[in-house]
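A short write-up of the structure that comes next.
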Amino acid sequence: MEAGAAAAAGGNSKGSGLGGLFGAGGMAGPGYSHADLAGVPLTGMSPLSPYLNVDPRYLIQDTDEFILPTGASKTRGRFELAFFTIGGCCMTGAAFGALNGLRLGLKETQSMAWSKPRNVQILNMVTRQGALWANTLGSLALLYSAFGVIIEKTRGAEDDLNTVAAGTMTGMLYKSTGGLRGIARGGIAGLTLASLYALYNNWEHMKGSVQRQSL
């Protein structure tokens, strides 16, 4: 009997010990429910996600994704955008010129039957018009980018004033061979196009400002 009581006592002590270790021992001490422990602050510990054992503060990205060099701007400057502008204008001019050349070629050879001479003439027109428009728009983009970079470096600021000034000077220089009247027309055309471009870039900002003032 004494051996059986000792074994039972040993078993109870082991069970209570394991229960206390894994939180399942009801006889080891006063029991606390999850509701009682929910409001207990954890000193020195941050709140953890109930689904993942990960601090949610590490999941919140409040910094930039890319690392920029010291003193670098978050947006690309005019010098970086110049390559994209020139290349885009050249490709746009080539595509537009090719379509225009195809239209002119079909119009000029409409009295000819479909033959090799007609195909060659249409192809020559497409090539000539594509090169012409690509050269024209590429030259305008080069002048605009060069003036924009020079004005930005001179003023030390990047704003819409640089865009308008660069567009005006580009139009004036491109039409400088036409005399004073040509310079005036080119400047007006450049000023108009640059102003429309600046207005388009700031349209959302202007609309938001008007809505805030109306409220």
Could you check whether any side-chain heavy atom of [X] comes within less than 4.5 Å of a side-chain heavy atom of [Y], counting everything from C-beta outward?
X: Met125; Y: Thr109; value: no
X: Tyr174; Y: Thr136; value: yes
X: Leu137; Y: Phe96; value: no
X: Asn119; Y: Trp114; value: yes

For [X] against [Y], the heavy-atom pair lying closest together:
X: Ala166; Y: Gly148; answer: CB-N, 3.7 Å
X: Ser139; Y: Asn135; answer: OG-O, 2.7 Å
X: Glu152; Y: Glu158; answer: CD-OE1, 3.6 Å
X: Ala194; Y: Thr163; answer: CB-O, 3.5 Å
X: Gly138; Y: Cys90; answer: CA-SG, 3.6 Å
X: Ala157; Y: Asn162; answer: O-ND2, 2.7 Å

**Asked** When hydrophobic residues are tied together by side-chain contacts of less than 4.5 Å, even through go-betweens, does Leu106 share a cluster with Val126?
**Response** yes
**Message:** Can you confirm whether more than 12 heavy atoms, excluding those of Arg185, are under 6.0 Å from its CZ atom?
**Reply:** no
**Message:** Does Met91, at its CE atom, have more than 12 non-hydrogen atoms belonging to other residues, nucleotides or ligands within less than 6.0 Å?
**Reply:** no
**Prompt:** To the nearest 0.5 Å, how far apart are CG in Leu104 and CD in Glu108?
**Reply:** 6.0 Å
**Request:** Could you walk me through whether Ser145 and Ile86 pass the side chain to side chain contact (heavy atoms under 4.5 Å, CB included) test, one step at a time?
**Result:** CA-CA 8 Å; Ser145 301; Ile86 297 172; 4.2 Å; yes
